[in-house]
Amino acid sequence: MHMLLSSFFFAEFPLYACAVTIQIRKFRENAMFTKIWHLLIGSPLPTQDAGHKRLSNWQALAAFSPDALSSIAYANQEIFLSLVVAGSAGLSYSTGIGASITLLLAIVALSYYQTIHAYPSGGGSYVVARENLGKLPGLVTGAALTMGYLLTAAVSLTAGVDAIASAFPVLWGHRVAVALAILVIITIANLRGLQEMSVTVGVPVYLFLGTYLLMLAYGLVRLMMEGAGSLAAVAPLPQTEVTLSLLMRTFAAGCTALTGIEAISNGVPTFRKPEMKNAGHTLAWMAVLMGLLFIGSIGLTQFLAVVPGEQETILSALARRILGSGFAYYVIQINTLLILSVAANTSFSGFPQLATILARDGYLPRQLTSLGDRLVYSNGILLLAAGTAVMIVLFQGDSHALIPLFAVGVFMAFTLSQTGMVLHWRREKGKGWQGKALINLAGAATTFVALIIIGVSKFLEGAWIVLVWVPLLVGMFQRIRAHYDEVAAELSMRGLPPSLRPMPAPRIVIPISGVHRALVGAVNYARSISQDITALYIEFEPGRGEEVRKKWAQWWPDIPLAIMPSPYRSLVGPLLDYLDKEDEARNDGQLATVILPEFIPTQWWQSLLHNQTALLLKFAILYHRRLHNLERVIIEVPFHLRR
């Protein structure tokens with residue numbers, strides 16, 4: 001019995017899955033669904049409008065910068081969690097570590113500024129690594145970026161929920177549900193298109209910038225008036241001493257503040273003309289704002305002696321220390337939730353572009369190159385949304401557990417990209433190439449050192465997962481490319497000799513479920529192309545076949561009816577066995593042509609009430625092994641119901 005169930009699952013379950021997929025596609029094409037879909041994402045836009053759906057600088061800053069700007073939420077939190085174990089002595093290193101990360105930020109930003117001008121077609125790190133280092137380093141970079149985008153979206157959403165849960169503790173037990181709900185909203189907004197998304201995220205981005213910069217300025221005024229606080233008075237007792245290893249782990253954790261800085265270089269084609277100039281200016285503004293927010297919040301946290309309580313983030317504690325627990329504090333926390341929620345938009349802006357380039361190179365499914373109704377790469381957006389949802393559920397909405405994973409992939413891509421840029425300038429040897437190469441060399445060296453520190457210090461905390469998944473993704477990319485190459489070779493007309501032998505008259509097999517009106521058109525069509533016709537009935541219940549034979553003889557006495565018993569009530573197996581035996585017995589240099597009668601209901605939901613037998617048989621025959629390297633023709637003859 002176990003073997004029978006297993007054989008059914010592996011042999012026939014995929015066929016039912018295919019049938020379900022077809023029904024979903026039919027549902028998608030239904031008029032009612034189309035109205036709902038267009039209500040959610042907007043009416044379709046003509047392809048010629050693609051050039052007009054470009055972003056201005058302020059729209060692009062809103063679309064590409066949320067991840068980079070909001071990274072202070074989780075980067076500051078990770079720095080605090082790493083140092084607090086050493087008590088006040090450990091926390092006193094916060095500003096120094098923040099300054100070193102800010103310097104690294106400046107180097108990486110300058111490096112990517114050069115990437116924008118060298119590769120205005122977009123693609124960012126992947127294109128740079130592929131063209132300068134070769135295919136394999138390019139694929140490693142693409143895999144690292146893919147993991148980075150996925151984890152960035154998951155971390156941003158879960159950190160945003162942590163921020164609002166600090167103000168409303170009742171939400172701590174519902175973090176996964178809240179994160180998934182926000183993910184759905186962000187996905188729909190992205191499916192509506194670039195301009196609509198930039199407007200949607202523009203409000204929280206500029207609210208966040210305005211409120212946080214004002215809060216930091218007010219905090220600086222209070223610091224100057226009240227003086228610095230005492231960390232020794234508020235910090236918990238140290239559990240360990242300050243060591244080089246501790247500082248390295250803290251630096252590694254804080255480097256998550258740099259995530260998202262490469263997004264603009266990936267999306268240069270989405271800017272208005274002149275694309276390079278506008279993208280470069282936007283990157284510069286984003287880097288300046290990132291530095292101000294990061295070093296400002298880190299410095300105030302240390303010098304105002306801010307230590308959060310239980311179930312509270314470090315930024316929540318800083319806002320409470322500066323603004324109190326009144327209305328202004330809740331405004332800050334809500335804005336933090338909003339910016340972290342739309343921070344996932346950096347991934348939704350960058351990943352579809354990257355996936356499209358990988359797909360055009362043949363390393364991802366070609367469906368990812370197709371523009372959707374709103375002139376965005378809808379398949380890439382939906383794929384990222386599904387992957388992000390899986391990560392949120394798997395890690396139970398815990399941003400601290402996700403953090404160690406995504407910094408490794410990001411800095412791996414940084415290092416390979418900057419190394420590629422050094423080789424690019426060396427090969428081009430244009431005006432001032434030595435200085436440009438030196439800048440990118442500094443970027444490659446510093447990001448490589450950061451990568452080693454992150455990989456070593458965070459290995460046991462989850463970095464090993466990325467080091468395993470990146471090679472697996474590279475292997476998947478190569479297998480997909482190999483498949484496309486094999487298909488192209490088989491479809492090539494080169495070396496194909498002309499065939500002068502005429503096709504023989506086909507042998508026809510018509511599978512039937514009974515005698516009904518839908519068979520009339522199928523039988524008539526079969527008679528129009530052949531005189532060698534056989535009907536086939538799969539008998540589930542003993543004796544039922546003879547009843548069908550009598551009815552069949554009343555309508556088509558000149559066409560033989562074969563009956564195949566199926567004691568295990570399988571439809572596919574007996575049909576395939578019959579076809580194989582008949583082909584072997586006839587041995588006439590062809591496989592029998594199968595004509596499938598199919599009735600079509602008038603409403604989409606009525607299809608769900610029927611077995612979809614024709615679809616099941618079609619998929620079973622299509623993917624059944626071929627005999628003597630011959631192809632079997634399948635013909636569907638529809639019969640449309642009137643109501």
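As the structure is a prediction and not an experimental result, all values here were calculated from the model. Quick note: numbers below take in every heavy atom, side chains included, and nothing from hydrogens, waters or symmetry partners.
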Practice prompt. Could you grab the distance from atom OH of Y112 to atom CE of M421, nearest 0.5 Å is fine?
Written response: 10.0 Å
Worksheet item: Cut-off 3.5 Å, side chains only: do N335 and T211 have a donor facing an acceptor?
Response: yes
Worksheet entry | Distance-only side-chain donor-acceptor flag, Q353 / T356, under 3.5 Å | no
Worksheet item: Between the side chains of T415 and T447, is a donor N or O closer than 3.5 angstrom to an acceptor N or O?
Response: yes
Under 3.5 Å donor-acceptor pairs involving side-chain atoms of residues 379-386, not counting sequence neighbours:
{"unit_1": "N379", "atom_1": "ND2", "unit_2": "Q367", "atom_2": "O", "d": "2.8"}

Discussion item. Assess the residue pair L364 and M476 against the criterion (side chain to side chain contact (heavy atoms under 4.5 Å, CB included)); give the C-alpha distance rounded to whole Å, side-chain angles, the decisive distance to 0.1 Å, and a yes or no.
Written reply: CA-CA 9 Å; L364 281 178; M476 182 191 75; 4.0 Å; yes
Item to complete: Mind telling me whether H117 and Y113 have parallel, tilted or perpendicular rings, with 30° and 60° as the class edges?
Response: tilted
Worksheet item: Any sub-3.5 Å donor-acceptor pair from R130's side-chain atoms to L139's backbone N or O?
Response: no
Practice prompt. Output all residues satisfying ring pair (Phe, Tyr, Trp, His ring centres under 6.0 Å) with Y149, sequence neighbours left out; order by chain, then residue number.
Written response: none
Item to complete: Please check if atom CZ in F448 has more than 12 non-hydrogen atoms from other residues, nucleotides or ligands closer than 6.0 Å.
Response: no
Item to complete: Over all heavy atoms of both residues, which pair between A165 and L171 is shortest? Give the atoms and the distance, please.
Response: CB-CB, 4.2 Å
Discussion item. Using side chain to side chain contact (heavy atoms under 4.5 Å, CB included), reason through L207 and V203 one step at a time and then give a plain yes or no.
Written reply: CA-CA 6 Å; L207 276 177; V203 174; 3.9 Å; yes
Worksheet entry | F271 vs I116 side-chain heavy atoms within contact, under 4.5 Å | no
Worksheet item: Do the ring planes of Y119 and H424 sit parallel (below 30°), tilted (30 to 60°) or perpendicular (above 60°)?
Response: tilted
Worksheet item: Once you round to the nearest 0.5 Å, how far does OG1 of T102 lie from CE of M290?
Response: 9.0 Å
Fill in: Check: Y484 side chain, R366 main-chain N or O, donor-acceptor pair, under 3.5 Å
yes
Worksheet item: Can you find a pair of side-chain heavy atoms, one from F208 and one from L293, that are under 4.5 Å apart?
Response: yes
Worksheet item: At what distance, to the nearest 0.5 angstrom, does CG of L145 lie from CG of L416?
Response: 9.5 Å
Worksheet, complete the sentence: Shortest non-hydrogen pair, I101 vs A257, comes out as CG2-CB, 4.4 Å
Worksheet item: Looking at A359 and P365, what are the two nearest heavy atoms and their distance?
Response: CB-O, 3.4 Å
Discussion item. Let's go through L340 and L157 carefully: what are the C-alpha distance in whole Å and the side-chain angles of both, what is the deciding distance for side chain to side chain contact (heavy atoms under 4.5 Å, CB included) to 0.1 Å, and is it a yes or a no?
Written reply: CA-CA 6 Å; L340 281 165; L157 292 172; over 6 Å; no
Item to complete: Find out whether F348 and L183 are in side-chain contact, i.e. whether some heavy atom of one side chain is under 4.5 Å from a heavy atom of the other.
Response: yes
Worksheet item: Do side-chain atoms of S297 reach the backbone of N76 as a donor and acceptor pair under 3.5 angstrom?
Response: no
Worksheet item: Considering only heavy atoms from C-beta outward, does the side chain of L258 approach that of F411 to under 4.5 Å?
Response: yes
Discussion item. Assess, by modelled atom type and distance only, whether the side chains of Y126 and S417 contain a donor and an acceptor separated by less than 3.5 Å.
Written reply: no
Worksheet item: Just wondering, do S316 and Q333 contact through their side chains at under 4.5 Å, heavy atoms?
Response: yes
Item to complete: Kindly write out the residues that satisfy side-chain contact (heavy atoms from CB on, under 4.5 Å) with I465, not counting sequence neighbours, or none if the list is empty.
Response: L405, W469
Discussion item. Go through it in stages, so that I can follow the logic: the residues are S166 and E312, the test is side chain to side chain donor-acceptor pair (under 3.5 Å), and I'd like the CA-CA distance, side-chain angles, deciding distance and then a yes or no.
Written reply: CA-CA 5 Å; S166 297; E312 185 177 28; over 6 Å; no
Worksheet item: Backbone N or O of S56 within a donor-acceptor pair of the Q59 side chain at under 3.5 Å?
Response: yes
Item to complete: Show your reasoning for whether side chain to side chain contact (heavy atoms under 4.5 Å, CB included) applies to F294 and I79.
Response: CA-CA 11 Å; F294 182 63; I79 289 175; 3.9 Å; yes
Worksheet item: Which of these passes side-chain contact (heavy atoms from CB on, under 4.5 Å) with I164: I182, I334, L338, T313?
Response: I334
Worksheet item: Should Y212 and I339 count as side-chain neighbours, where that means a heavy-atom distance under 4.5 Å?
Response: no
Worksheet item: So which heavy atom on V470 is nearest to which on M412, and how close?
Response: CG1-SD, 4.3 Å
Item to complete: Could you tell me whether the side chain of Y363 reaches within less than 4.5 Å of the side chain of R479, counting heavy atoms only?
Response: no
Practice prompt. Only counting residues at least two apart or in another chain, list the ones meeting side-chain contact (heavy atoms from CB on, under 4.5 Å) with L423.
Written response: N132, L133
Item to complete: Apply side-chain contact (heavy atoms from CB on, under 4.5 Å) to L289 and list each qualifying residue two or more places apart in sequence or on a separate chain.
Response: L61, L69, L209, L213
Fill in: Spatial distance of atom CD1 (I186) from atom OG (S347) [nearest 0.5 Å]
11.0 Å
Worksheet entry | Q77: side-chain hydrogen bond (donor to acceptor under 3.5 Å, both in side chains) partners, not counting sequence neighbours | none
Worksheet item: Heavy atoms, side chains only, cut-off 4.5 Å: are P120 and E275 in contact?
Response: no
Practice prompt. Can you measure from CE (M147) to OG1 (T152) and round to the nearest 0.5 angstrom?
Written response: 10.5 Å
Practice prompt. Identify the two heavy atoms, one from T388 and one from L150, that lie closest to each other, and give their separation to 0.1 Å.
Written response: N-CD1, 3.2 Å
Practice prompt. Supply the atom-to-atom distance L110 CG to L105 CG, rounded to the nearest 0.5 angstrom.
Written response: 11.0 Å
Worksheet item: Do you know the tightest heavy-atom contact between T336 and A163?
Response: CG2-CB, 3.6 Å
